[in-house]
There are 2 protein chains.
Amino acid sequence: MVNDSGKPPGAGRTRRRGASLEEAILRAAVDEMLESGYAGLTMDKVAARAGTNKNAIYRRWPSRLALGVAAYRRLVTAVQPPDTGDLRGDVLEMLRGANRHWSSPLGAILRELMSAAGGAREFLTQLPEQSGDAAAAAWLTVLGRAVARGEASPEALHPRVATVAVVLLRNEFVVRGVPTAPDDVLVEIVDEVYLPLVRGRGSAPAQDVVK
Amino acid sequence: MVNDSGKPPGAGRTRRRGASLEEAILRAAVDEMLESGYAGLTMDKVAARAGTNKNAIYRRWPSRLALGVAAYRRLVTAVQPPDTGDLRGDVLEMLRGANRHWSSPLGAILRELMSAAGGAREFLTQLPEQSGDAAAAAWLTVLGRAVARGEASPEALHPRVATVAVVLLRNEFVVRGVPTAPDDVLVEIVDEVYLPLVRGRGSAPAQDVVK
DNA sequence: CGCCTTCCGGTACGCCGAGTACCTTGCCGG
DNA sequence: CCGGCAAGGTACTCGGCGTACCGGAAGGCG
């Protein structure tokens with residue numbers, strides 16, 4: 001009835017199915033989210049933009065949040081650990097990268113998603129750079145090189161220790177809600193916490209020797 | 001019309017005003033939140049339970065979230081820094097306390113509120129134990145005693161350093177979404193990160209001496 | 001080559017909850 | 001005694017998620 005006059009989608013004339021439709025929906029979701037953030041990502045708008053209807057979406061993603069997370073994953077790329085030649089440089093570089101990301105529109109979206117997930121693990125683990133292991137790897141790489149150079153002690157090669165810096169930075173965003181972390185904060189994290197931590201830890205096995 | 005048969009609030013027969021009404025609303029909000037969490041805190045239910053109507057609420061709190069935060073603040077009490085006599089004991093004690101809180105129903109509410117706030121500073125700063133300064137004070141106290149005892153180096157008396165442990169713990173909840181942190185995690189945080197950090201930091205001023 | 005299953009397109013709707021508008025009614029101060 | 005302020009009451013708008021239902025295109029299967 002509305003075959004050729006109603007809406008000229010420009011896409012295939014033939015009715016889309018399966019993967020092709022899924023792709024269209026996801027692209028629509030991505031675009032919507034870039035324009036209006038996750039808050040502005042409504043199922044109706046996505047459906048309209050994809051030239052389909054909510055049914056087709058719900059057949060693939062169980063909820064708005066799931067779609068949002070899927071769309072976000074399209075937008076991020078894994079970070080490469082830098083190699084400036086010294087630990088402080090590497091760490092600062094990574095922190096600055098993270099800070100840029102969190103301060104960017106993408107970071108805003110990420111924060112919205114984390115908010116919406118509200119601690120639901122099944123969603124949190126889908127978010128890159130939140131899913132622990134992946135993020136920890138880059139830090140361990142950087143730290144590994146530093147240990148080889150003698151800049152850090154081998155005991156620091158521990159996920160919990162290696163990622164302390166980003167955790168602190170993330171804390172600024174998530175808990176304090178800053179829009180962007182000033183560079184002094186990054187430097188402070190590195191010089192007051194991270195470097196002393198991975199260097200120092202010399203003498204005591206940290207178990208019982210107190211004095 | 002419904003003067004004496006409809007709903008027996010038990011409170012004053014006379015129409016409540018000002019502080020008395022405000023109090024009733026807040027109590028209702030607290031009760032609701034204890035029963036169903038922030039998610040279950042609807043303005044209609046609060047109004048009904050307080051024996052009033054949404055108007056009276058909106059005259060006092062601009063939004064549901066503001067009411068939720070106000071109600072939450074009723075529920076929490078400031079923590080006293082422990083004094084076990086040694087740093088490790090104090091720190092573990094505080095971490096365990098924090099862990100208990102985050103794992104408790106109140107902690108669940110707190111997480112919901114943080115979620116709902118979505119990084120809005122005006123709300124985050126209203127949440128006790130999130131508002132930085134307050135929380136930092138207890139840690140500085142504990143650390144101060146440790147410094148006096150010679151268990152920690154004076155450079156550690158820095159808010160960013162002193163609070164590292166809670167930040168790491170909070171990270172478990174907020175980012176990883178765990179319902180409760182196992183005790184080994186707390187011990188690991190203390191022994192692998194916190195104690196080495198506040199003890200060690202010996203030699204280098206961490207500024208330029210790289211090699 | 002025609003049927004039949006699948007699943008897309010379209011539309012309409014249910015439901016819930018936040019926030020608003022507007023009037024009525026009672027309390028209190030002058 | 002009167003006027004105004006705030007509480008009570010009710011109804012409503014608006015947005016948005018998730019569902020239901022139906023007809024019809026695509027494509028597989030015999």
Side-chain angles (χ1 to χ4, degrees), chain A residues 1-26 28-29 32-33 36-69 71 112 116-118 123, chain B residues 1-9 11-26 28-29 32-33 36-69 71 112 116-118 120 123:
Chain A
M1 186 193 291
V2 211
N3 247 347
D4 50 350
S5 68
K7 36 182 72 176
R13 177 85 272 105
T14 159
R15 173 183 282 188
R16 295 160 302 181
R17 307 197 133 226
S20 134
L21 180 58
E22 180 157 340
E23 175 64 21
I25 294 173
L26 213 41
E32 273 300 323
M33 206 146 75
S36 339
Y38 176 69
L41 184 84
T42 72
M43 301 307 252
D44 295 88
K45 281 201 287 185
V46 170
R49 187 188 281 250
T52 180
N53 61 337
K54 287 194 288 180
N55 259 336
I57 305 181
Y58 278 106
R59 254 172 235 130
R60 290 172 174 75
W61 291 274
S63 69
R64 181 170 91 102
L65 179 54
L67 176 62
V69 171
E112 287 187 272
F123 292 111
Chain B
M1 186 195 287
V2 210
N3 247 346
D4 50 350
S5 66
K7 34 184 75 176
R13 176 85 271 108
T14 159
R15 178 183 278 187
R16 296 159 300 180
R17 309 196 130 228
S20 133
L21 179 58
E22 182 158 339
E23 175 64 21
I25 294 173
L26 214 41
E32 273 299 323
M33 207 147 73
S36 341
Y38 176 68
L41 185 83
T42 73
M43 300 306 251
D44 296 270
K45 281 202 287 183
V46 171
R49 187 187 281 248
T52 180
N53 60 339
K54 288 196 286 181
N55 262 338
I57 305 181
Y58 279 106
R59 251 174 238 131
R60 290 170 173 76
W61 293 273
S63 68
R64 181 171 89 101
L65 179 53
L67 176 60
V69 171
E112 287 188 271
F123 292 111

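Side-chain atoms are counted along with the backbone in the values below, which use heavy atoms only and exclude waters and symmetry mates. The structure displayed is predicted, hence computed values, not measured ones.
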* Asked: Shortest non-hydrogen contact from A/Y38 to A/M33?
  -> N-CG, 3.8 Å
* Looking at B/S36 and B/K45, what are the two nearest heavy atoms and their distance? -> OG-NZ, 4.2 Å
* **Value in whole Å for how far the C1' atom of D/dC5 lies from CZ of B/R60** => 12 Å
* Considering non-hydrogen atoms only, spot the tightest contact between B/L65 and B/A117 and give its length. => CD2-CA, 3.7 Å
* Length of the line joining A/L21:CG and D/dA26:C1', which is rounded to integer Å -> 13 Å
* Under 4.0 Å: is that the gap between some side-chain N or O of A/T52 and OP1 or OP2 of C/dG9? -> yes
* **pair A/R60-A/L21: side-chain heavy atoms closer than 4.5 Å** => yes
* Structure fact -> Per-nucleotide protein contact along nucleotides 14-21 of chain D, 5' to 3', at a 4.0 Å heavy-atom cut-off (B base, S sugar-phosphate only, - neither), is ---BBBBB
* Structure fact -> Minimal heavy-atom distance between B/V46 and B/A28, with the atoms involved, is O-CB, 3.8 Å
* Asked: Can you check the B/L67 CG to C/dA18 P distance for me, whole Å?
  -> 10 Å
* **Distance-minimising heavy-atom pair for A/L67 and A/I25** => CD1-CG2, 4.4 Å
* B/W61 CH2 to C/dA18 P: how many Å, rounded? -> 15 Å
